[in-house]
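One structure is given below, encoded as structure tokens.
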Amino acid sequence: MKFWSQYFIPTLKESPADAEIASHKLLVRAGLVRKLGGGLYTYMPLGLRVMQKITQICREEIERGGGIELEMPHVHPVENWQNGPRWAAAREIMFRADSAGDGKRPPREPEFVLGPTHEEVITPLVKTEITSYRDLPKNFFQIATKFRNEIRPRYGLMRAREFVMMDAYSFDVDDERAIKSYLAMKAAYEAFFRRIGVQSIAVEADTGVMGGSFSHEFMVPAEVGDDDVIYCEESGYAANREKATSALVPPDLADAAPAGAVEEFATPGVVTIAALEAAPYGVAADKQFKTLVYIGDGKPFLVVLRGCDELEEAKLGALGFGLFRPATPEEIEPVMGAKPGSLGVVKGTIKNQSALAGIFADHAIRLVGNGTTGANKDGFHLRNVNVARDLAVAKFGDFRRVRAGEPDVKSGRPLQVRRGIEVGHIFKLGTKYSEKYGAVFTDDQKQSHLMVMGCYGIGISRTMQAVIEQSHDNDGIVWPWPVAPFQVLVCVLDPQLPEAMDLAKKLAAAAERAGADVLVDDRVERPGVKFKDADLIGLPLRLTIGGKGLKEGIVELKWRKQKDVAKVPLAEAEARVAAAVAEARASAGV
RNA sequence: CGGGGUGUAGCUUAGCCUGGUAGAGCGCCUGGUUUGGGACCAGGAGGUCGCAGGUUCAAAUCCUGUCGCCCCGACCA
């Protein structure tokens, strides 16, 4: 039992100027966090209580899923990272943690870094500690602060430089067992999000810089999310934008019959899809071939799409380049023979085809019959271009960005799109890290094998904000019972009346015995102030005790998510409070 | 890092264009009146106008630089 007047809940009437979205404003207004700097926040007493509740539920579910808790250092010797598989990509977001030192060490290379995640620490640890199949499988996790120098921190805790994350790492003897560990974590995640009262969906995701073979993101649907989820309710398909595919191209598609030989025509000044669509040319965008030039590991390569399609850059990751980027006009002309806007891949028109690392095309270009594309000659295009006959494509793949309305692969129904906040991610890693750090074990035939890994993350602090984003109204936060900082607010309108405070303490004690955390608002404030604050901080159950009610012989009982107020006779108050708490606990599954 | 915006009291901000006494609301302190949905009256404290240069008789205001913060893009739990 805590008393508001002695506790610390600095609420704000107005939203801070730097907060944009509802959950960020409410985090600050309800006194849950305060900003130190960009992406750096103090968890105030109330906010910390929420974090602790989420943390505890997360711990319980991950343990149930096979996790063993430990805690690793936040400061890492840089060598751990330099020896790992992704130092080049990761160092950009890593904070240096150099010792103040004597100034002798050259400033270029850090001596220590702050951990953004812990594959580089756990894998060497497991390598030395686990050498036998008898000790596998193992799944180690921690719930700890992570450090990432985000290029652009924003939306409060949503993307912070310092944040709390649950990270788990599984080690298995083979692929099949690794998939079991992966599925156990997926189930643990689902249980976790269900328990904290957050609606989340698991979507297929790109593995990105983590590498690995497959992965799911856990998304909380929200307008302010930073990711698009493509889904089909009928088939249950859900994927993020980077990964999503559709059945746009029928598998039995037959190529259109060529209408005639490839023919060059003059298009002075035409360098965009739109300009070629316009009069006098009138070539629809889906009848054009778009040719993009990228540089992969130093060598140019081409990607061909329909004129109406957009490249999904993440899908280029499947091509196996370590690093890739769009080519500059200066890099394009010597290879292609023309400037961007007149490019194409018709056989024999590329100036220096041997310089290319490959010509890739999206499947959807097969829908284009007798299309138009650049002639690799400034101011000229080619028509009657057909894929099989005319294009120098080396390999087809899925490179285009899926749009809403395209048919789902399984059900054929139109795909839908909605925004979501990514709160968790699971990866089946494979042997990328075990190979690099030599994490091997000996099996019962005395044979050595690489451990097969998985890694798993839940953004704890981000989840706290996602809960608010998903559960609030115009007056403030509406906490789900399991993560509320306190579950019951005893609002004493006349704390100077001894009988009011006596009753408040009695009812608070009853609620506590029934299993609730209780906050007593004993501040000497006007009722309006207390009610506004109560709605703002959003505790699930409110008991109101006032001089007026006492004269009538009642106290009031109100759920935050409901409008109506129940008047309870004093004689029944204790029992009713206990019953309400018990009911809430039961329906929250606590 | 590229593009845009912004910095004035603890918070929200006006003033800046057109240079001349730094203003309001909330919050805070004192006293009084109030008391069931962010009260009222009276009095009070609180500001190097982000920082550094420059122009000027005079700079919150104009110029240059710099730093912080916010938004859009690439990246992520």
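Below, chain A is the first sequence line, B the second, and so on; all start at residue 1. What's counted below: heavy atoms across the whole structure, side chains too, no hydrogens, waters or symmetry copies. None of these values were measured; they are calculated from a predicted model.
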TODO: Please tell me which of the listed nucleotides, B:C75, B:G36, B:G37, lies nearest to the side chain of A:D535?
DONE: B:G37
Open item on the list: For a quick check of understanding: with a heavy-atom distance under 4.0 Å over all strands, which category does A:P116 fall into, base, sugar-phosphate or nothing?
Closed with: nothing
- [ ] Give the nucleotide from the list B:A77, B:G37, B:G36 with an atom nearest to the side chain of A:M165.
- [x] B:A77
Task: Residue pair A:S5 / A:D522, side-chain donor-acceptor N/O under 3.5 Å - done: yes
Open item on the list: At less than 4.0 Å, is any side-chain N or O atom of A:K13 found next to OP1 or OP2 of B:U12? Yes or no.
Closed with: no
- [ ] Could you state the atom-to-atom distance from CZ of A:R154 to P of B:G68 in whole Å?
- [x] 19 Å
- [ ] In whole angstrom, give the distance that lies between atom CG of A:D18 and atom P of B:C70.
- [x] 6 Å
- [ ] For A:D533, report the nucleic acid contact type (base, sugar-phosphate, nothing); a contact means any heavy atom under 4.0 Å.
- [x] base
TODO: Return the minimal non-hydrogen interatomic distance between A:V423 and A:A466, and the atom names on each side.
DONE: CG1-CB, 3.9 Å
Open item on the list: At 4.0 Å (heavy atoms only), tell me whether A:Y155 reaches a base, stays on the sugar-phosphate, or touches nothing.
Closed with: sugar-phosphate
TODO: Choose from B:A77, B:C69, B:G36 the nucleotide whose nearest atom is closest to any side-chain atom of A:F531.
DONE: B:G36
- [ ] State whether A:R526 places a side-chain N or O below 4.0 Å from either non-bridging phosphate oxygen (OP1 or OP2) of B:A39.
- [x] yes
TODO: Would you kindly give the CG-to-P distance between A:L40 and B:G68, to the nearest whole Å?
DONE: 12 Å
Open item on the list: Output the rounded distance in Å from CD (A:E119) to C1' (B:A77).
Closed with: 12 Å
- [ ] Could you let me know what B:A24 is paired to, Watson-Crick or G-U wobble, both distances under 3.5 Å, or none if it's on its own?
- [x] B:U12
Open item on the list: If I take atom CG in residue A:L157 and atom P in nucleotide B:C76, what distance separates them, rounded to the nearest angstrom?
Closed with: 20 Å
Task: Between P of B:C71 and CD of A:E150, the distance in whole Å - done: 13 Å
Open item on the list: Categorize A:T463 for me: base, sugar-phosphate, or nothing, with a 4.0 angstrom heavy-atom threshold over every strand shown.
Closed with: nothing
Open item on the list: Could you tell me the Watson-Crick or G-U partner of B:U30, where both distances fall under 3.5 Å? Say none if there is no partner.
Closed with: B:A42
TODO: Determine whether the side chains of A:H118 and A:Q142 contain a donor N or O and an acceptor N or O closer than 3.5 Å.
DONE: yes
Task: Minimum-distance nucleotide to A:K35 side chain [options: B:A77, B:C70, B:G36] - done: B:C70
Open item on the list: Students often get this wrong, so: under 4.0 angstrom with heavy atoms, is A:G38 touching a base, only sugar-phosphate, or nothing?
Closed with: sugar-phosphate
Open item on the list: Taking any heavy-atom pair under 4.0 Å as a contact, classify A:R29: base, sugar-phosphate, or nothing.
Closed with: base
- [ ] Mind calculating the distance between OH (A:Y456) and P (B:A77) to the nearest angstrom?
- [x] 15 Å
Task: Touch class at under 4.0 angstrom, heavy-atom based, for A:A160 against every strand present - done: base
Open item on the list: For a quick check of understanding: with a heavy-atom distance under 4.0 Å over all strands, which category does A:R523 fall into, base, sugar-phosphate or nothing?
Closed with: nothing
- [ ] For A:G549, answer base if it contacts any base atom (sugar-phosphate contacts may also be present), sugar-phosphate if it contacts only those atoms, and nothing otherwise; contact means non-hydrogen atoms under 4.0 Å.
- [x] base
Open item on the list: Can you identify which nucleotide, out of B:U35, B:U12, B:C71, has its nearest atom closest to the A:E14 side chain?
Closed with: B:U12
- [ ] Would you classify A:E313 as touching base, sugar-phosphate or nothing, given that sugar-phosphate means primed atoms plus P, OP1 and OP2, and contacts are heavy atoms under 4.0 Å?
- [x] nothing
Open item on the list: Can you identify which nucleotide, out of B:G36, B:C72, B:A77, has its nearest atom closest to the A:R152 side chain?
Closed with: B:C72
Open item on the list: Ring-plane angle category for A:H24 and A:Y41, please: parallel below 30°, perpendicular beyond 60°, tilted otherwise.
Closed with: perpendicular
Open item on the list: Under a 3.5 Å cutoff, is there a donor and acceptor pairing between the side chains of A:S215 and A:H425?
Closed with: yes
- [ ] Could you tell me whether A:V423 contacts a base, only the sugar-phosphate backbone, or nothing, with contacts defined as non-hydrogen atoms closer than 4.0 Å?
- [x] sugar-phosphate
TODO: Establish, for the pair A:R148 and A:F163, whether the NZ or CZ atom is under 6.0 angstrom from the six-membered ring centre and no further than 45 degrees off its axis.
DONE: no
Task: Nearest-Å distance for atom pair OH/P, residues A:Y41 and B:C69 - done: 10 Å
